[in-house]
> 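If you scroll down you'll find the structure; I have some questions about it.
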Amino acid sequence: QVQLVESGGGLVQAGGSLRLSCAASGMSVRSYAMAWFRQAPGKEREFVAALSRSGGYPVLADSEKGRFTISKDIAKNTVYLQMNNLKPEDTGVYYCAADRSIIFSELSNANQYDYWGMGTQVTVSS
């Protein structure tokens, strides 16, 4: 059974940094597309970053380019989201997602992911 467990969220001031972790079990991050999504109160879940299934190619939302980095540690079966220069608009619940068959052009589409974690809260104060 696939399980994804996020950690690393918290309260940080604007300009600060956080590193989120997504520990996977029941699957290998080597052979799945992995992604991070964010949901702010009253808003839809939005794409943040992903690693493609084949080759682990990183894809970032435009607003995150230059600030966020997605990576994975195959030995630890964990995916990370390094977030720098955080802004208040980055506040939300961050979810880890995984899918084995998603195609590259659909990496930012939340509806295409089969597995989700419970999320971790990130709050950025101004």
Side-chain angles (χ1 to χ4, degrees):
Q1 184 174 349
V2 174
Q3 283 192 319
L4 304 172
V5 179
E6 303 95 335
S7 61
L11 174 63
V12 63
Q13 288 188 329
S17 298
L18 283 174
R19 189 178 79 157
L20 305 183
S21 299
C22 172
S25 59
M27 53 158 280
S28 171
V29 300
R30 180 197 300 271
S31 54
Y32 278 65
M34 303 296 299
W36 289 95
F37 289 81
R38 171 176 65 220
Q39 188 164 20
K43 294 187 177 182
E44 292 187 356
R45 196 167 295 189
E46 62 176 346
F47 173 73
V48 175
L51 289 171
S52 66
R53 176 174 57 87
S54 177
Y57 187 80
V59 178
L60 291 165
D62 288 342
S63 58
E64 270 62 83
K65 289 179 180 177
R67 300 191 303 128
F68 292 8
T69 303
I70 185 171
S71 62
K72 63 183 177 182
D73 186 326
I74 293 173
K76 294 183 178 180
N77 213 29
T78 298
V79 176
Y80 302 99
L81 183 68
Q82 177 67 44
M83 305 186 294
N84 299 327
N85 190 23
L86 282 161
K87 305 174 182 179
E89 51 264 43
D90 294 322
T91 294
V93 179
Y94 282 69
Y95 297 92
C96 179
D99 195 274
R100 186 169 184 143
S101 61
I102 193 171
I103 61 175
F104 188 85
S105 61
E106 293 292 328
L107 285 172
S108 62
N109 186 348
N111 294 326
Q112 295 297 315
Y113 288 85
D114 283 340
Y115 304 104
W116 292 85
M118 296 299 291
T120 185
Q121 175 71 43
V122 172
T123 303
V124 184
S125 63
S126 57

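Heavy atoms only: backbone and side chains are in, while hydrogens, waters and symmetry mates are out.
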> Are R100 and D114 ion-paired here, with the side-chain N under 4.0 Å from a carboxylate O?
no
> Side-chain donor-acceptor contacts of residues 9-21 below 3.5 Å, not counting sequence neighbours, with atom names and distances?
unit_1: S17; atom_1: OG; unit_2: N84; atom_2: OD1; d: 3.0

> Can you find a pair of side-chain heavy atoms, one from M83 and one from V122, that are under 4.5 Å apart?
yes
> What pairs with Y95 under ring pair (Phe, Tyr, Trp, His ring centres under 6.0 Å), at least two apart in sequence or on another chain?
none
> Does the pair R38/E44 count as a salt bridge with the N-to-O cut at 4.0 Å?
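No salt bridge links R38 with E44.
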> Quick one: CG on L86 to CZ on R67, what's the gap to the nearest 0.5 Å?
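The distance works out to 6.5 Å.
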> Are Y113 and M34 linked, directly or through other ILVMFWY residues, by side chains that come within less than 4.5 angstrom of each other?
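Not linked; separate clusters.
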> Heavy atoms, side chains only, cut-off 4.5 Å: are D99 and Y115 in contact?
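The answer is no; the side chains never approach within 4.5 Å.
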> So, T123 versus Q121: side-chain donor-acceptor pair below 3.5 Å or not?
yes
> Between atom CG of D73 and atom OG of S71, what is the distance when rounded to the nearest 0.5 Å?
8.0 Å
> For residues 50-104, which residue pairs pass the disulfide bond (SG atoms under 2.5 Å apart) check, not counting sequence neighbours?
C22-C96
> Can you sort out the partners of K87 under salt bridge (Lys or Arg N to Asp or Glu O under 4.0 Å), two or more places apart, ordered by chain and number?
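Expected list: none.
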> Please give the remaining members of the hydrophobic cluster of Y80, linking ILVMFWY side chains under 4.5 Å, ordered by chain and number.
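Taking Ile, Leu, Val, Met, Phe, Trp and Tyr as members, Y80 stands alone, with no cluster partners.
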> Residues two or more places apart in sequence or in another chain: which of them pass ring pair (Phe, Tyr, Trp, His ring centres under 6.0 Å) with F47?
F37
